[in-house]
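Scope of the values below: all heavy atoms of this structure, side chains included, with no hydrogens, waters or symmetry mates. In the text below, chain A, chain B and the rest are named by the order of the sequence lines, each starting its count at 1.
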Amino acid sequence: MISNTLLQNAPRAAEAYRFAVASPAVVQDLSRRGFLKLAGGAAGLVLAFQFTGRSAKAAGLLAPLESTAGSGGGAFAPNAFLRIAPDGIVTIVVNHSEMGQGIVTALPMLVAEELDADWSKVRTEFAPVDAAYNHAMFGIQMTGGSTSTWTEYERLRMSGATARAMLVEAAAQEWGVPVSECHTEPGVVVHTSGKRLDYGALAERAAKLTPPQKVALKDPKTFRLLGKPTPRLDSRAKVTGTAEFGLDVRRPGALVAVVARAPVFSGKLVSYDAEIAKRIPHVKAVVAVPSGVAIVATDYWTAKQGRDAILPSSKWDAPPEALIDTDEQAKKFAELSRGSGAVAKQEGDAEAALKTAMTVIEADYALPYLAHAPMEPLNATVEWTDAGVEVWTGTQFQTMDRMNVASVFGLKPELVKIHTTFLGGGFGRRATPPSDWIVEAAHVVKSARAAGVNAPIKTVWSREDDLAGGYYRPMFHHRVRGGLDAQGKVVAWHQVIVGQSFLVGTPFEKAMVKNGVDETSVEGASDSPYRVPARRVELISPKLPVTTLWWRSVGHTHTALAVECFIDELAAAAKRDPLELRRELLPPESRERRVLEAAIERSGYGKRELPSGHKHGIAVHQSFGSYVAQVAEVSIEAGRVRVHHITAAVDCGTVVNPLTVEAQIQGGIVYALSALMYGEITMKEGRVQQTNFHQYPVLRIYETPVVDVHVIASGDKMGGIGEVAVPPTFAAVLNGVYQLTGNRIRTLPLSRSGLA
Amino acid sequence: MSPLALRRFWRNPRGIAAAVLFGAAAAVTGIGYAVEIKSVPAASAPRPIQADTARSLAAFAKVASVLRNPRCINCHTATDFPRQGNDGHPHIMNVRRGDDNHGSVGMRCSTCHQDFNQANGVPGAPKWSVAPLTMRWEGLNDHDLAEALKDPARNGHRSLEEMAEHMAHDELVGWGWHPGGTRDAIPVSRDEFVRAVHEWIDTGAASPPAR
Amino acid sequence: MTSLHINGQDHTVDISPDTPLLWALRDHLGLTGTKFGCGMALCGACTVHIDGEAVRSCSIPISVLGGKKITTIEGLAELAKRDLHPVQQAWIEKDVVQCGYCHSGQIMSAAALLAKIPKPTDDDIDRAMAGNICRCGTYERIRAAVTRAAELTAQA
């Protein structure tokens, strides 16, 4: 049944949608500054909220969607995020993509807490694309920036609280008693007399009520779920092989396509011999698409045979600037770093301070392109019928994907449905402004129909396609100079950062590139908490044909390394302990200081005797509103760096699920170690040299350190968790390697120096 | 082994029998590596030995160049793991020889390698495994390598003739000339290699001097 | 036509005999629990059991599988005559999965290990699981879960 509230609120929901999609204010919302401001929500109080209706944030609370409202009779669907069936099953609609970060558990916890749901009766489904499900901050439907939990922290609790209020009201009506005499226990409304009605039994009556304009949220002291270790809701599906990833989608009559793409970035297909592939049995079509030529067959293996057969005779054209040699490019970046760029941060006169400093040191940090390499290769299934287009894929960027697919077919976005599946890893790769792999899959379907093949088609990338496919973490070069006075105090800091911007030329440019500075290139350096009287941070963003993108922790992947290694270098130059120097430069009440002290304490840094040949390295960094300090215990075994143990202290403000926080810290560290030890995408004559995991190795179980996670329940402003462990790992390990060897490793990965 | 001792070994069925016995025991316990002793070589007619040290050493040099080719020596290691690539790096993924030279429990050679090269580049051949440590060649100088080839305890319990046969016809050995994928094949042809093996044996199976 | 014995049932597929088992399972038999990650036996996501041993299904053609017993993640619990195999149970208890994509393969590798070594050491685990990549970095919990699965098996 569709509740009355849908009809009543439909015009308001539509208005919110127009606001969210059409207004330039949406793009404003994308700015990091806006995001930090919003983080100021006062957690820890019982709050009342007024529903205003004129914001993307409120959108999902106004009405359920037709597509998600109760399918059977008697269901209660007070808003877009939940419905309760007569059997008491609570279905929570998850508007963020599950790529491992545990959001399909965390967000339902928010709803269920305030709903006072029986957790064993909670089920989930992924949201369709609708303004109701827009990111509460960014104004488009997406997952990224380690923002899902904290930006939904109010809205989803309100969603649950609203429903609970209506269920209580329904029970009070049923019993003919005042609402004030009723309270809830998980899944049940209870009257002071002891009468009980479970939520399922109240669903039909509650559905007839008008949602309240004001709801009270629980006192956190009474939380049953939030802050408690809560096992994931998707475990069973994932351990039995039944969880559906994009690659598992099987539409009736569907075909599979594999695309032969240009061997260099910005290369264009000139000619190919379709007949070579067509001769292979079960190849159905060979069609040109903007990115190359697609071989469409009954299954992946056949399509890939076709692709491998057609490639050798295919001819491609590429401009000379596409014939990149990454070793040469790294040299060029180093040269560029001697010049000056757009100013990202200016405090005092760094140049003058360097001139008068007693000691000046400088260091160059050279970091390579990195592929995300999620375990599930990219894929999208596209079905084009008279009714419109449907897409099944694991994506982080639904609103952009819908618009981009709609434009391929010349359709209104409303006629494109995106079905979000589980994502076999994301790390940023499944959020591209042009929706690269989905748009390509759409072109495959369009071209195939033109060639007489009218079927749903799943376009699948091989691992080789993935590694050569671009959208890398950009190559970066940092040149840092620092000055010390006679007392060993840091008096000057000058940092020039060289690396491509991936926001220039996208819809995000206007909001996130200011005065020539792409915030995502300098974050973590321009906002360093270290109190240095004169600081200048500059950015040079060369334009190159290699496509680049955010990669788990974005700019912090390289800025944290440069800043935290250079602090260590300054300490060594001043003959001071790296911990003492950090203590001096960090404000005493800062959250950085708090996590640093916690990690030091927990690890026994400087106090505990380590096994012979082992040393500690330290680093601390804030990203995405959370603070992480790490103490890494490292040694060198058979010439290779071995990381034995990492103590990580994290302050992310409010913790929703401690099990997830621990998992994300451990996983983030492994992700960073993979890049630190082995990660690099290199090119010769424009061709990517890495083809598969033997040439792009990632950490395996026997190389994985024990990670001790210490969560500080600060109750401070809430931050993210999915990315925040990555940044400090690089420097913690490198600083430990320096303690061991006296050598500063400034070029990654360690395998380049024979150390991995 | 001196040429004299070699000649004695060559002609002495008792020595052969001992080697066969040893090999059979190894097969029973499951540690045999390519131990296939089909017949006692007494059945084969003795060949004339024309000791010619210079020729023998020259032939051995060619034999050794093949044995030290990465396609061969990567699995005749002195370590508890196989090696890979022309640089002989340790096999990725912590691959170990295990108790039976066919890998660890859960990570057998056959977990990834089949009896033939795969289209995706994963190499394979029958009996794909690491040579037992007794048959390690890694790190041996020329003298020790030649001695190892002649010593039944270190050559898989083969007579020299059986070893020549193994070099000529074993499928796993033959993989070195058809390694598949992007791997470099052994540059000396198998025929030429087998001729060199016979030449070395027939001219006295001389060992280069120990240093 | 190639016959395959999978999870206790006989199937026939009419596809090229050089097709890797992985694609016969996924694209022709609808057994999508076995995952594609690299296609070169480098990541372990496609691990199945063939006559009880862990094998990367991306690197074995169906032509050599006649008469062999193939077990996939879909059949693991059933063959153990349980709702969940002890390894799956342990994975849930230890809250191991993140994105979950690699875990069919991880679980098949762990089950193959425990079938031969009921009480594995840390070294046994590090060796048996070394061929399985997890990009989310769940290795620490995998170690804990394999140990837990050994306990569960011993209790059963």
Side-chain angles (χ1 to χ4, degrees), chain A residues 98-102 229 231-232 234-245 247-248 250 256 281-282 298-302 304-305 373-377 422-427 460 462-464 659 663-664 666-671 673-674 692-694 698-702 704 706-707, chain C residues 15-16 18-20 22-24 26-28 30-40 42-43 45 72-74 76-77 84-85 87-93 95-104 106-107 123 125-127 129-143:
Chain A
E98 176 58 64
M99 46 191 167
Q101 83 281 39
R232 299 178 64 108
D234 53 355
S235 276
R236 191 183 168 100
K238 287 177 174 176
V239 303
T240 53
T242 54
E244 188 178 63
F245 296 87
L247 202 65
D248 303 333
R250 300 181 86 226
V256 178
H282 308 298
T298 48
D299 57 29
Y300 172 82
W301 181 246
T302 307
K304 178 151 186 301
Q305 303 285 95
M375 284 310 297
E376 179 197 12
F422 279 110
L423 283 64
F427 315 117
V460 179
S462 67
R463 178 58 57 195
E464 291 79 3
L659 282 179
Q664 288 306 300
Q666 290 174 339
I669 285 172
V670 169
Y671 203 75
L673 288 176
S674 293
N692 211 315
F693 286 122
H694 58 312
V698 300
L699 219 67
R700 292 174 184 267
I701 192 167
Y702 56 90
T704 298
V706 173
V707 177
Chain C
I15 52 177
S16 168
D18 66 355
T19 305
L22 172 65
W23 298 107
R26 291 187 54 83
D27 283 358
H28 298 278
L31 294 167
T32 53
T34 303
K35 302 304 185 195
F36 165 52
C38 71
M40 276 185 79
L42 294 165
C43 81
T72 70
I73 189 74
E74 290 91 346
L76 185 65
L84 289 169
H85 186 280
V87 174
Q88 293 169 317
Q89 182 62 43
W91 244 246
I92 293 173
E93 281 184 29
D95 210 42
V96 176
V97 304
Q98 289 190 28
C99 91
Y101 193 79
C102 72
H103 286 289
S104 296
Q106 302 275 6
I107 287 166
D123 269 355
I125 296 170
D126 274 2
R127 286 173 189 183
M129 305 303 292
N132 291 82
I133 289 173
C134 173
R135 223 23 202 138
C136 299
T138 63
Y139 299 124
E140 215 173 331
R141 288 189 182 176
I142 288 175
R143 276 193 204 123

Student: For C:Ile133, is it the side chain, the backbone, both, or neither that has a heavy atom closer than 4.5 Å to a heavy atom of chain A?
Tutor: both
Student: Using a 3.5 Å distance criterion without hydrogens, assess whether the side chain of C:Tyr139 forms a donor-acceptor pair with backbone atoms of A:Leu699.
Tutor: yes
Student: Quick one: what part of A:Met375 sits under 4.5 Å from any heavy atom of chain C, side chain, backbone, both or neither?
Tutor: both
Student: So which of C:Val96, C:Asp18, C:Asp95, C:Ile15 has the largest heavy-atom pair count under 4.5 angstrom toward chain A?
Tutor: C:Asp95
Student: So C:Gln106 and C:Cys134, do their side chains get closer than 4.5 Å, heavy atoms only?
Tutor: yes
Student: Is a side-chain N or O of A:Arg463 found less than 3.5 angstrom from the main chain of C:Phe36, in a donor-acceptor match?
Tutor: no
Student: Among C:Gly37, C:Gly39, C:Gly33, who wins on heavy-atom pairs under 4.5 Å with chain A?
Tutor: C:Gly37
Student: So what's closer than 4.5 Å to chain C heavy atoms on A:Glu464: side chain, backbone, both or neither?
Tutor: side chain
Student: Under a 3.5 Å cutoff, is there a donor and acceptor pairing between the side chains of C:His28 and C:Trp23?
Tutor: no
Student: Considering only heavy atoms, which portion of A:Thr704 lies under 4.5 Å from any heavy atom of chain C: side chain, backbone, both, or neither?
Tutor: both
Student: Sort out for me which of C:Gly30, C:Ser16, C:Ala24 touches chain A most, counting heavy-atom pairs under 4.5 Å.
Tutor: C:Gly30
Student: So, C:Gln98 side chain and A:Ala663 main chain: donor-acceptor pair closer than 3.5 Å or not?
Tutor: yes
Student: Check this for me, if you would: do A:Asp248 and C:Arg26 make a salt bridge, where the nitrogen-to-carboxylate-oxygen distance has to be below 4.0 angstrom?
Tutor: yes
Student: Parallel under 30°, tilted from 30 to 60°, perpendicular over 60°: which one fits the rings of A:Phe245 and A:Phe422?
Tutor: tilted
Student: Quick check on the interface: out of A:Ser235, A:Gly241, A:Pro377, who has the most heavy-atom pairs with chain C under 4.5 Å?
Tutor: A:Pro377
Student: Is it the backbone or the side chain of A:Val706 that comes under 4.5 Å from a heavy atom of chain C, or both, or neither?
Tutor: both
Student: Heavy-atom distance under 4.5 Å to chain C: side chain of A:Gln101, backbone, both or neither?
Tutor: neither
Student: Does the A:Lys238 side chain pair with the main chain of C:Tyr101, one donor and one acceptor, at a distance under 3.5 Å?
Tutor: no
Student: Looking at A:Arg700 and C:Asp126, would you say the former's side chain and the latter's main chain have a donor-acceptor pair under 3.5 Å?
Tutor: no
Student: Is A:Leu423 in contact with chain C via its backbone, its side chain, both, or neither, using a 4.5 Å heavy-atom distance?
Tutor: backbone
Student: One thing to verify: whether A:Glu98 and A:Arg232 come together as a salt bridge, which I'm taking to mean a side-chain N less than 4.0 angstrom from a carboxylate O.
Tutor: yes
Student: Among the options A:Ser462, A:Gly102, A:Ala373, A:Pro231, pick out the one with the most heavy-atom pairs lying under 4.5 Å from chain C.
Tutor: A:Ala373
Student: Looking at chain A, which one of C:Leu84, C:Leu76, C:Leu31, C:Asn132 has the largest number of heavy-atom pairs inside 4.5 Å, strictly under?
Tutor: C:Leu84
Student: Go through the atoms of A:Thr302 and report whether side chain, backbone, both or neither lie under 4.5 Å from a heavy atom of chain C.
Tutor: neither
Student: Looking at A:Leu247, A:Val670, A:Ile701, which one has more heavy-atom pairs under 4.5 Å with chain C than the rest?
Tutor: A:Ile701
Student: Among C:Lys35, C:Glu74, C:Glu93, C:Arg127, who wins on heavy-atom pairs under 4.5 Å with chain A?
Tutor: C:Lys35
Student: Please confirm whether the backbone N or O of A:Arg236 pairs with a side-chain atom of A:Thr240, one donor and one acceptor, at under 3.5 Å?
Tutor: yes
Student: For chain A, which of C:Gly131, C:Ala77, C:Ala130, C:Ala45 has the most heavy-atom pairs under 4.5 Å?
Tutor: C:Ala130
Student: Which answer fits C:Thr19, side chain, backbone, both or neither, if we ask what part of it has an atom under 4.5 Å from a heavy atom of chain A?
Tutor: both
